Every structure is written in C-alpha cells, then in structure tokens.
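Residue numbering restarts at 1 for every chain, and letters A, B, ... go by the order of the sequence lines. Fair warning: this is a prediction, and the values are worked out from it, not measured in the lab.
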There are 2 protein chains.
Amino acid sequence: MGNKITLVGAGLAGSLLAVYLAKKGFEVNVYEKRSDMRKGEVERGRSINLALSTRGIFALKEIGLYEEIKKIAIPMYGRMMHPVEGELMFQRYGKDDTEYINSVSRSVLNMKLMDLAEQYENIKIHFNNRCTGMNLESGECHFTNDNTGENFSVTADTVIGTDGSASALRMEMLKLPGFNFSQTYLEHGYKELNIPPAQNGGFRMEKNALHIWPRGTFMLIALPNLDGSFTCTLFHPFKGEEGLNSLNTKEKAAEFFKKYFPDSLSLIENLEESFFTNPTGNLMTVRSGPWFYKDKVALLGDAAHAIVPFFGQGMNASFEDCTVLNQSIEKHGTDWKKVYSEYYDERKINTDAIADLALENFIEMRDKIADKRFLLNKQIEAELFKRFPDTFVPKYSMVTFYRFPYSTALQRGNIQQEILDALSEGKSSISEVDFSAGEKLVKDRLSAII
Amino acid sequence: MGNKITLVGAGLAGSLLAVYLAKKGFEVNVYEKRSDMRKGEVERGRSINLALSTRGIFALKEIGLYEEIKKIAIPMYGRMMHPVEGELMFQRYGKDDTEYINSVSRSVLNMKLMDLAEQYENIKIHFNNRCTGMNLESGECHFTNDNTGENFSVTADTVIGTDGSASALRMEMLKLPGFNFSQTYLEHGYKELNIPPAQNGGFRMEKNALHIWPRGTFMLIALPNLDGSFTCTLFHPFKGEEGLNSLNTKEKAAEFFKKYFPDSLSLIENLEESFFTNPTGNLMTVRSGPWFYKDKVALLGDAAHAIVPFFGQGMNASFEDCTVLNQSIEKHGTDWKKVYSEYYDERKINTDAIADLALENFIEMRDKIADKRFLLNKQIEAELFKRFPDTFVPKYSMVTFYRFPYSTALQRGNIQQEILDALSEGKSSISEVDFSAGEKLVKDRLSAII
C-alpha cells in the first residue's frame, strides 16, 4: 500500500525526486503546468545559469546522472572581480583546483532530468496540467489541462509539491491553522543581459570564473555558457536616483553602464535594446512550515523555501531535500506521516540557515569582496584552514564543497568571522597577524568538524 | 468620477468604513460571505468580547454611534489578578476612574454598525456573497452567492478589502511581485468557556474589571457581559506535558483547572463538557505590504494586519485605519492611488508597532504582572507620570487612552522601560527609589509628548 505518488511540478526538484522515488519502486505521476520544454522554446525571465556544487552533485550521483551532467558543466574556480578602473582580480573559491563550482544551464539540466525520468516505466510526466487546488483531507488533487480546458482530479496515496516558489499546493496549505508562511521581497530587482561568443567561437572573458562587478549597493555578474557566451545579470535597487525605476531611457541605461561597468560596454550585446526588452525579475525569500499535512501532502524545494540566488545554493538545497526525503523513506517506508515529519525536522533548520546565508552573501558579493579588510580576512582564513584543516573550514567551503548541515555552516561561520575580525583588527597585512593568538582562539572556540 | 466603491466584508471594520464613506457621498456596496447575523444565530469560535478604547471610541464618535454603544459597554477599570492561593489583587489601568477600557460584545457591536450603515441610502449590504477572486488590473471582483450558487462579477471605481485575517483579496495580492506577507502562529491556542450570571442575575465576580489568572507560560482571563455572565478564555500552549494537546480527557482538563485555577472551578459552567465541545482557536500575527495596488484595491483592518489579542487593540487599530483612510480621502478626494499610498505610509509603521506591542503584552499578562519587580516598576511609573504628566505617559496609557501613533508608544515605551529598570534595580520598595535620578533620566531621554 501507499505506492502511488503524485508530484506537482516537473522542474529541477520534481524531475530529480521522481527518479529517486521510481528507484524505490513507487508509481510516480508528475503533473507539470508548462508544456514540454524539450519540444519548444525555453521560457525566458528565470535565471538561466545555475551553480551546481557538492550537495547537488551528490544527489545527481545517487540517481546516476552526474557523469552526463559533468560534460555540460563549466568549472568556475573563483570570482573574477572587475573594478571600475584598474586590473581584474581573481579570488579562488576553494583550497585548490579540485574545488570549484559549475556553471550549468537550467533548461539543459532540466531536460536531461526529464529524459532520465521517462526512462523509468513507473514515471509518467503529464505536461500542460496546471494544479488548481487540493483537498488536503482526502489527498485529491485538482488540475486543469491548459490545452484542452479539461478539469480533472487525481487521487494517490500521497502528494508532493515541487511546484516552485509560487506553489499552488502551498496556497492550499496557507489556509491550515498553524501553517506559518512568509514571502519577503528584496528591494533589488534583476535584469539579464548577454555577452556573445567571440568571432572565433571562444570566450570574450576568462572562461573558468564567475565574473563580478561589485559596486556597493548593486552589482553585475556573469557566468559562462557552453557556446562561449556569458549570461550577465544586473542586481540593482528599484528605487533611488539611479535605480531600476529611474533607468527609463536607453540613454540613461547606457550612461549607467558606462559609468559603473565600463569594461562591459563593448561586450554586452545590444545593451540599450536588451535592457528594455528583457523583463525585470524580482527576488524573494519564502519561508514556511510545517511542510506537510498528515500523510497526505508535503512540500519540497522552492515550494517550501525559496531563497535569493547569491550563494548559488537554490538548486543544491532543493536537491539535498530530495536526498534527505529519500533517506527518510528508507527508514520509514510508506508511513508518510513519519517520513514527512522526520524530513521536515531535519531540513527546516537547514533551509532557514541557507536563506540567511544567501541574504548575507549578497552583501558580501556586491560590497565586501572589494574591501581591504575582507581581503585580509580571506588570507587569514586560508592560513587557519591550512593549520586546522579539520576545524577551521571556511564558511564558503562548508556550504559549497562539503555536505555539513547548512545550520552548522551558519553557526560556525559566525564564530569564525569573529575570530577573523579579532585577528585582522588594526592590521594592514598578513605579516602583522598574531597567529599564535589565532591558534588559541580556534582551539578555545571550535571543535573538530571533520 | 470614482464614486462607486466595493467593500468586501461587513465585519466590524467593513461596516464602520461603509458609514465613513457614505457620509462622504460615495455609493457603497458591501459584499459579506456570511448570512445576516441579525436574522440568525451568531457564529461561534471567534472571540466574543472586545475591549473598546480611545481609538475605537474616536471613530465611533466620528460616525455618530458612540452614545448608543456606550449603553452596551461595561467599563473595566483595571486588571483583577487571581493567584493560585491568596487574595485577589487589583491593578488600575489608568490614572483614575476616568480612564478605563470597555467590554463590548463583538456581535452586538457589529449588528449596531450594520443597522446604522443600512440607514444610509447609498450603502447596500449584500449577504451570503463570498469573494472568490479579483482581477487586480481591471478592478473587477468575483463573487459566489452561497445560497443560490450564482457566480457574478462586480465593477466599481475601487475596491477595499475588509475581509479579515483570511482575506480573499489579500490572497490575490499575494501573487503580485513585491507584495510582502507573513502569517505567524503562536504556539498557544485558546479555548472559550463561560461563567453564568448569579441566580439573582448579578455578577459572580467583580463586574468592572478584566480578570486574569497569570500562570507564567499560560493564563486564563475573563471579561464581563451585560447579562451578568463572564466569557473566560484560556490561552495555553498546544504542546508540552500539560499542553492543550495533552488535556485530552475530561479528568485531565478538570485536574488542570483544579491545580491552576482553583477559584474558577465552582464558577465555570459545565467545565468538563465545554472544554471538549468548544472549539480550540488559533492565534496569529499577519503582516503585509504594500496594502494597495494602483488605484484599484486596498486592504484595511485584519486583512492587512491581524494581531494577537493581548493588548485589546485589534478592533481599535482597524477602526483607526478607517479614521486615517477617511482623512486621506479628505485630502486627496477620489485620487485613489494617492489616497491609498498616504494611508499606507501613515498606517504601516504603526500597525507593525501594535503587532509587536501585542506580542510583548502577552508575556506581560501571563507572566510579569504577578512579579514583584513589575509591580514596583508600575508604582514608579505612576509617580513619574504624576511628576511629568506631559512627558512620561505610561506605555499602556499611550496605546489605550491616547491616540499617539502606536510607533511612538512602542519607541517611548522602550525608553521608559529602561528608565524604570534603572530606578528599580536592587530596590524592594518605592521608598528606596531615587526620584531625583529619575527626574534627570526623564529630562535627559524624553521630550514632552503632549
């Protein structure tokens, strides 16, 4: 019993979860509101690059897709910073070239996950079917087929909502007494632009880096694509004299880029036109809980916890949800209430933590990375990591290159920041830093993590 | 133009607002999902007593209903505290008998507001019509008549959502990019019980007080009704050894009341039965914003900002919304975008403040009011108020007996708390308090407010 599962949403998390579930022998029906992206044009307006890292890779390995994804991933070994004037500066992410994040196309990854899912006889993806509601008591899910206009209902043993940050299932759960929810928008929007490949097909900037133009309250970033192009994203406040709302003519937009991102001007394709034809995106954090109701329904991925993109962890966190849910099923079988309850208890604290870390990292990326004190702290951090490889693991590494709980990364990261600040206080170079004091601080305040 | 207004919800705020708007000459159609409460039984399960105070009274005076409401209101001059053992203790709310809060029946007040509204030719209340959605761009509102099953749409120049904490209009606005929202439940639920009148028709406890049994993490309260009865409410955590979820037999419920509220046992009617037949309520804080979209729609009252009931300000805050919206209309006429924008800017900071104050006051009511230090602080507060009647106005009074912005009450209240804590530190009686130091602190940290 309990072997028929409805998934709402065939995005990254839904497609991956379908495979995890099919491997356990469940009969999985996935209802997706969009048409099959493998047969038509890809939707615009969502971020088209993702930074795949250790947590996401772990899940892809578990379902046996990693080797194939590796082929379409571009390693990014660090941040390449573009000042307004002067030399570019490279900041490595990991301890060496074995630690890197991967630029991957959202749509290509999604299509490959769907292809894999459809190789399983016990998975069926039903496209163009929009979820219009659910009876949370009976577990019956309602859909409208947007091609035929047909309305229909589906019953299953349990339902999992992988329908993204605007989740229709969460809308139903919002009415449950005791269901906590928040959606909080940033005062920044984003605009995607394109840097085309060079005429010879190569890359117009360093290929193996995430490019950043940090400018205090705003920033431009660029991630490499397989075809030699870069996808650029401007993250910028809506309000203010030079805010998105005020950049309302081609001249003002061009002037803005000329003033703050002069080296991008000759690279970005049709800047003035694209700035107005491309949509402006919003950025929000969604928190909710509990993510399940009885044995009938659970939420997973962005449907439960959407985060801002600045730690590159949105997809990785959703994939880790799947890993943890899969473990809970291994423990509790089809006792869905237990499965969901344990999954929620383990994940909630960690997805709250990555939401905070992602908001913090926006300030780091747009403002601090060009700061002298920050750069000195980075040097001290590398040295302490060398001296205490089992204890002082940089926060970025804990989140990106390890699978420690996000909450551990947040908590230890804060302690480590205090140690770094204490050691760099009043210092202008690493040669002045008192590392014997540093060793004492680490020993006093941190125990081994590895 | 712009003279036809749709209100969604004929509760307290909707009925009051209808009158404000009718007085300005607008054509007001109010759609209410419930049936006419004047013709049938009153819905159970919502708090049936309200504490009407200065802000609410001001609005009732403006629409000319206060004299009538005064007749059905019972003054409560202070808190009557019931310890587990020992004497009752009375704590006055205001400076003397001219300052009090009023116990009023929610349903009687609502019915009188509806009666008044229907005296206006330009107000029509349409009962049994449930809002099912709205087109935020066109301003078209959709309804289902739950008697006839008929679906219909209504257009008006603008729409105001007074449809309470589960607002259907807010559900639509939730989909707007940039609309921030949170609903946060307390870990406490509530259960209403009844103390009937004495056999002679009189009150079984002091009539002119709000009775409290403060017990640390939980409390029982009782408010007087016109017929000689009291409505009791237990506010209690769901979880824990003695939590609501564990009080699952008549014996356990009776034992719990015997242990913690022994003097209530002989007063509460059918305690053991009522405890299980009466529903358990939930308590939540709702925050949102912005409360309007273009010139098409605005939210008011609980639909925009539901708060927990512990400062007795839910209705008063909603009525003050109406007062402020009315002032904004006086200034900007039917330029609804300006009307709503100014109303929102003025109210948002203040409804956020009363939400915080209400959460704080729960801890004060259930825990602190029986504390020696708290009682000493209260005495010092009264003395400082006497010495600085224009400057040191107690926080409770600023919220309850004045119409200072809630945000002012919150901000000055915090400063005043620091002054009180400094003066009472290490003291056990008011005779030990250094009032010359107190005068200096007040002069240094506060300016006149009145």
Side-chain angles (χ1 to χ4, degrees), chain A residues 33 45-46 130-133 142 144 163-191 236-239 243-245 279-291 293-294 303 305-306 308 341 345 348 352 355 359, chain B residues 33 45-47 130-133 142 144 163-191 236-239 243-245 279-291 293 303 305-306 308 341 345 348 352 355 359:
Chain A
K33 71 174 176 185
R46 286 191 84 178
R130 184 166 42 87
C131 178
T132 56
H142 312 300
T144 296
D163 49 347
S165 61
S167 169
L169 287 186
R170 198 189 58 225
M171 276 283 189
E172 290 289 349
M173 292 175 73
L174 205 54
K175 301 169 195 162
L176 289 171
F179 187 77
N180 293 313
F181 173 72
S182 71
Q183 64 182 37
T184 312
Y185 282 86
L186 284 193
E187 298 190 349
H188 292 67
Y190 71 91
K191 182 79 84 175
H236 195 53
F238 285 105
K239 293 183 182 165
L244 282 172
N245 295 342
T280 305
N282 281 274
L283 298 154
M284 71 167 166
T285 301
V286 168
R287 297 177 201 255
S288 69
W291 298 339
Y293 183 65
K294 299 181 179 172
H305 51 77
V308 293
S341 169
D345 285 347
K348 172 63 175 166
D352 277 349
L359 287 163
Chain B
K33 71 174 175 185
R46 286 191 81 178
S47 165
R130 185 165 43 86
C131 179
T132 55
H142 311 300
T144 296
D163 48 347
S165 60
S167 170
L169 287 186
R170 198 189 58 225
M171 276 284 188
E172 291 289 350
M173 293 175 74
L174 205 53
K175 301 170 197 163
L176 288 171
F179 186 77
N180 292 314
F181 173 71
S182 72
Q183 63 182 37
T184 311
Y185 282 86
L186 284 193
E187 298 191 346
H188 293 69
Y190 72 91
K191 182 79 86 174
H236 196 51
F238 285 106
K239 293 182 182 166
L244 282 172
N245 294 343
T280 305
N282 281 275
L283 298 153
M284 72 167 165
T285 301
V286 168
R287 298 176 200 255
S288 68
W291 297 339
Y293 182 66
H305 51 77
V308 294
S341 170
D345 285 346
K348 172 62 174 167
D352 277 348
L359 288 164

Note to self: If you count heavy-atom pairs within less than 4.5 Å of chain B, which of A/Ala166, A/Ser182, A/Gly178 leads?
What the structure shows: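 If we count pairs closer than 4.5 Å to chain B, A/Gly178 comes out on top.
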Check: Can you list the steps and then say if B/Leu174 with A/Gln183 is a side-chain contact (heavy atoms from CB on, under 4.5 Å)?
Finding: CA-CA 9 Å; B/Leu174 205 53; A/Gln183 64 182 37; 3.6 Å; yes
Margin query: Determine whether a donor-acceptor pair (N or O, by modelled atom type, separation under 3.5 Å) exists between the side chain of A/Asn180 and the backbone of B/Tyr185.
Written below: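 Here the side-chain-to-backbone pair exists.
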Checklist line | Atom NZ of B/Lys191: over 12 foreign heavy atoms under 6.0 Å | finding: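 Atom NZ in B/Lys191 is packed in, count exceeds 12.
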